[in-house]
Amino acid sequence: GPKVLQIPSHQIIDMGQMVTLNCDPVSNHLYFYWYKQILGQQMEFLVNFYNGKVMEKSKLFKDQFSVERPDGSYFTLKIQPTALEDSAVYFCASSWDRNTEVFFGKGTRLTVV
Amino acid sequence: GEQVEQRPPHLSVREGDSAVITCTYTDPNSYYFFWYKQEPGASLQLLMKVFSSTEINEGQGFTVLLNKKDKRLSLNLTAAHPGDSAAYFCAVSPIASSSFSKLVFGQGTSLSVVP
């Protein structure tokens with residue numbers, strides 16, 4: 001079936017540095033999402049993105065976070081600067097429309113040290 | 001906002017037995033409900049999408065029940081087999097006019113089916 005690919009699967013970064021998480025969504029999808037899951041806790045919505053713009057974001061989507069999808073390439077989540085509490089698994093997802101099935105990637109485990 | 005509580009966090013059953021996972025939610029206006037399965041090393045796979053208008057939904061080897069009065073959603077795996085071993089997540093889309101694009105997830109249940 002359709003696959004959302006996330007690269008890399010695990011990333012370790014020094015606190016204060018910038019990190020970019022990459023997501024290759026399903027090819028004809030138009031809506032894109034990031035979710036965050038801290039170890040042992042539930043997955044939480046961060047942001048959704050459509051037509052080059054953030055549509056909705058949660059309070060977890062701090063000012064240090066940004067998303068973009070330049071020229072239809074990877075959908076990225078950038079954190080600058082990173083903090084220890086940003087350590088989590090970040091899941092990317094995409095859907096064709098806002099009310100169609102959402103497909104998730106396997107997640108990127110981010111460890112901030 | 002919407003809160004979703006999922007129980008149990010861990011569940012071990014014997015092959016052939018049933019396994020029941022339950023989620024309770026707080027927003028009475030929630031309209032769409034989902035169950036996802038995540039096998040080790042794999043991404044979330046949609047098992048079933050449930051609308052609030054339907055109380056009983058049957059899939060292949062499982063049944064999803066929605067009790068709107070009690071705000072409870074349950075996944076009942078009938079005659080579980082080792083291939084059902086995985087993490088299961090419920091998710092709720094908070095309001096009727098919203099999209100699937102802002103899901104509220106339960107904490108997940110790690111199911112182990114032993115031969």
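Protein chains get the first letters and strands the later ones, always in sequence-line order, with residue 1 at the start of each. FYI, side chains are in, hydrogens and waters are out, and symmetry mates aren't considered; it's all heavy atoms of this structure.
For the set B:Ala42, B:Gly108, B:Ala91, the count of heavy-atom pairs under 4.5 angstrom toward chain A peaks at B:Ala42.
Checked against B:Thr26 for a side-chain hydrogen bond (donor to acceptor under 3.5 Å, both in side chains), the options B:Gln3, B:Glu2, B:Lys71 give a single hit: B:Glu2. Residue A:Tyr35 is tested with A:Phe91, A:Tyr90, A:Phe104 for a ring pair (Phe, Tyr, Trp, His ring centres under 6.0 Å); the sole match is A:Phe104. With B:Val4 as the partner, the side-chain contact (heavy atoms from CB on, under 4.5 Å) test is satisfied by one option alone out of B:Thr24, B:Leu103, B:Val104, B:Leu73: B:Val104.
Looking only at atom types and distance, the side chain of B:Thr109 has a donor-acceptor partner in the side chain of B:Gln6 under 3.5 Å away.
Heavy atoms of A:Gln37 lying under 4.5 Å from chain B belong exclusively to its side chain. Only the side chain of B:Gln38 comes within contact range of chain A, with at least one heavy atom under 4.5 Å from a heavy atom of that chain.
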